K.L.:
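Please see the structure below; I have some questions.
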Amino acid sequence: MGDKKFTKAIVRKPGRSMIKGISGTDQGIPDYDLALRQHNKYVDALKNCGLDVKVLPADEKFPDSCFVEDVALLTPDCAIITNPGALSRKGEILEMAKIIKDYYVDVEEVRLPGTVEAGDIMMVGGYYYIGLSQRTNLAGAEQVIRILNKYGMSGSIVKLEKVLHLKTGLSYLENNNLVVCGEFLSNPEFEKFNIIEIPEEESYAANCVWINDKVLIPMGYPKSIKKILDAGYEIIELDVSEFRKLDGGLSCLSLRF
Ligand code: CIR
């Protein structure tokens, strides 16, 4: 993947149990049928970006299991099965580990006392920023860095104060372009990037996804959309309102590799 092109994606359909997913918002309970329709369109968009998409069936045992991004970090050289900090999500890794073995020979895992959710990990080439959050702890982040080092990659730790995951407020769009919102705007760590600033009132749009020169962006954030268009990207707008009710964004819904 030297040219940073992604070829594949893994998603999991939401189950009816999603209405019991973890939520820190006051936006109400997701409408399951609408969520399914939105998820289908999301899969179409991934295909539109040239990806071969593996759609896993819903897993009713785990209400948040459609947010597959959190349970694995897929790098060009190895896969890392994470260890979610949220208790209700820990079991998701067993199912994902079985799937990942179909795609990777080198599969590593994060072990207790380490916890990691990969929504806290942002890939910039062979370098990985790892957010310390309510879900990802220091022991987990250090394990990830050790694993990355073993495969010739590297990473560093970023402290989070307010948002759920690192990529709730940051998205890397390649070509040194970084979408940034809120607490990360004042972080010197990110000064070297071309910053695309997302206004606070549109903070949900800071979680967007670069795939092969297209950018998936949530529907309804006109200022952010203009900024990303002005930066020269082709965009695909998607309505993910029902996943937002569970604090989930566009990136959380897939593993891209
Ligand atoms: C959770 O709280 O774990 C889910 N309701 C949302 C996970 C969102 N994932 C992400 O930002 N990577």
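All figures in this text were calculated on a predicted structure; none of them were measured in a lab. Below, each value reflects all heavy atoms present in this structure, side chains not excepted, and no hydrogens, waters or symmetry copies. First listed ligand is number 1; within each ligand, the first listed atom is number 1.
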K.L.:
For Gly119, take its heavy atoms, then give the atoms of ligand 1 lying under 4.0 Å from any of them.
P.N.:
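Counting atoms of ligand 1 from 1, those under 4.0 Å from Gly119 are 12 (N).
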K.L.:
Which of the atoms of ligand 1 are close to Arg135, meaning less than 4.0 Å from one of its heavy atoms?
P.N.:
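Atoms satisfying the 4.0 Å criterion: 1 (C), 2 (O), 3 (O).
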K.L.:
Before signing off on this row, confirm whether Asp247 and ligand 1 have an N or O atom pair separated by under 3.5 Å.
P.N.:
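N/O-N/O distance below 3.5 Å does not exist for this pair.
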K.L.:
So, is Gly21 polar-close to ligand 1, with some N/O to N/O distance under 3.5 Å?
P.N.:
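Looking only at distances, the answer is no, because the N/O contact criterion of under 3.5 Å is not met.
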K.L.:
When you measure from atom 10 (C) of ligand 1 to every protein heavy atom, which one gives the shortest distance, and what is it?
P.N.:
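Checking every protein heavy atom, the shortest distance to atom 10 (C) of ligand 1 gives Cys252 SG, 2.7 Å.
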K.L.:
With atoms numbered from 1 as shown, which atoms in ligand 1 lie under 4.0 angstrom from a non-hydrogen atom of Leu246?
P.N.:
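Per the distance check, 4 (C), 5 (N), 6 (C).
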K.L.:
In plain terms, say whether Asp230 and Lys226 are close enough for a salt bridge, that is, a side-chain N and a carboxylate O under 4.0 Å apart.
P.N.:
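Answer for the salt bridge query: yes.
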K.L.:
Enumerate the atoms of ligand 1 whose separation from the nearest heavy atom of Asp64 is less than 4.0 angstrom.
P.N.:
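Those atoms are 4 (C), 5 (N).
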K.L.:
Just checking Lys20: does its NZ atom have more than 12 heavy atoms from other residues, nucleotides or ligands closer to it than 6.0 angstrom?
P.N.:
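Result for NZ/Lys20: open.
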K.L.:
Roughly how far, to the nearest 0.5 Å, is CZ of Phe6 from SG of Cys49?
P.N.:
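Here the interatomic distance stands at 10.5 Å.
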K.L.:
For atom 9 (N) of ligand 1, what's the nearest protein heavy atom and its distance?
P.N.:
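Checking every protein heavy atom, the shortest distance to atom 9 (N) of ligand 1 gives Asp70 OD2, 2.9 Å.
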K.L.:
Please determine if His165 has a nitrogen or oxygen closer than 3.5 Å to a nitrogen or oxygen of ligand 1.
P.N.:
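Between His165 and ligand 1 (N or O atoms, distance only) the closest approach is under 3.5 Å.
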K.L.:
Minimum heavy-atom separation for Ala118 to Ala72, with atom names?
P.N.:
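Heavy atoms of Ala118 and Ala72 come nearest at CB-O, 3.4 Å.
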K.L.:
Check for me whether the distance between the ring centres of Tyr129 and Phe190 falls short of 6.0 Å.
P.N.:
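Yes, they do, as the ring centres are separated by less than 6.0 Å.
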K.L.:
Is it true that Asp120 and Arg135 make a salt bridge, defined as a side-chain N closer than 4.0 Å to a carboxylate O?
P.N.:
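A salt bridge is absent here (no side-chain N lies under 4.0 Å from a carboxylate O).
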K.L.:
Measuring from atom NZ of Lys54 to atom CZ of Arg12, what distance do you get when rounded to the nearest 0.5 angstrom?
P.N.:
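Here the interatomic distance stands at 10.0 Å.
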K.L.:
Run the numbers for me: atoms of ligand 1, each under 4.0 Å from some heavy atom of Glu69, listed by number.
P.N.:
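Result: 12 (N).
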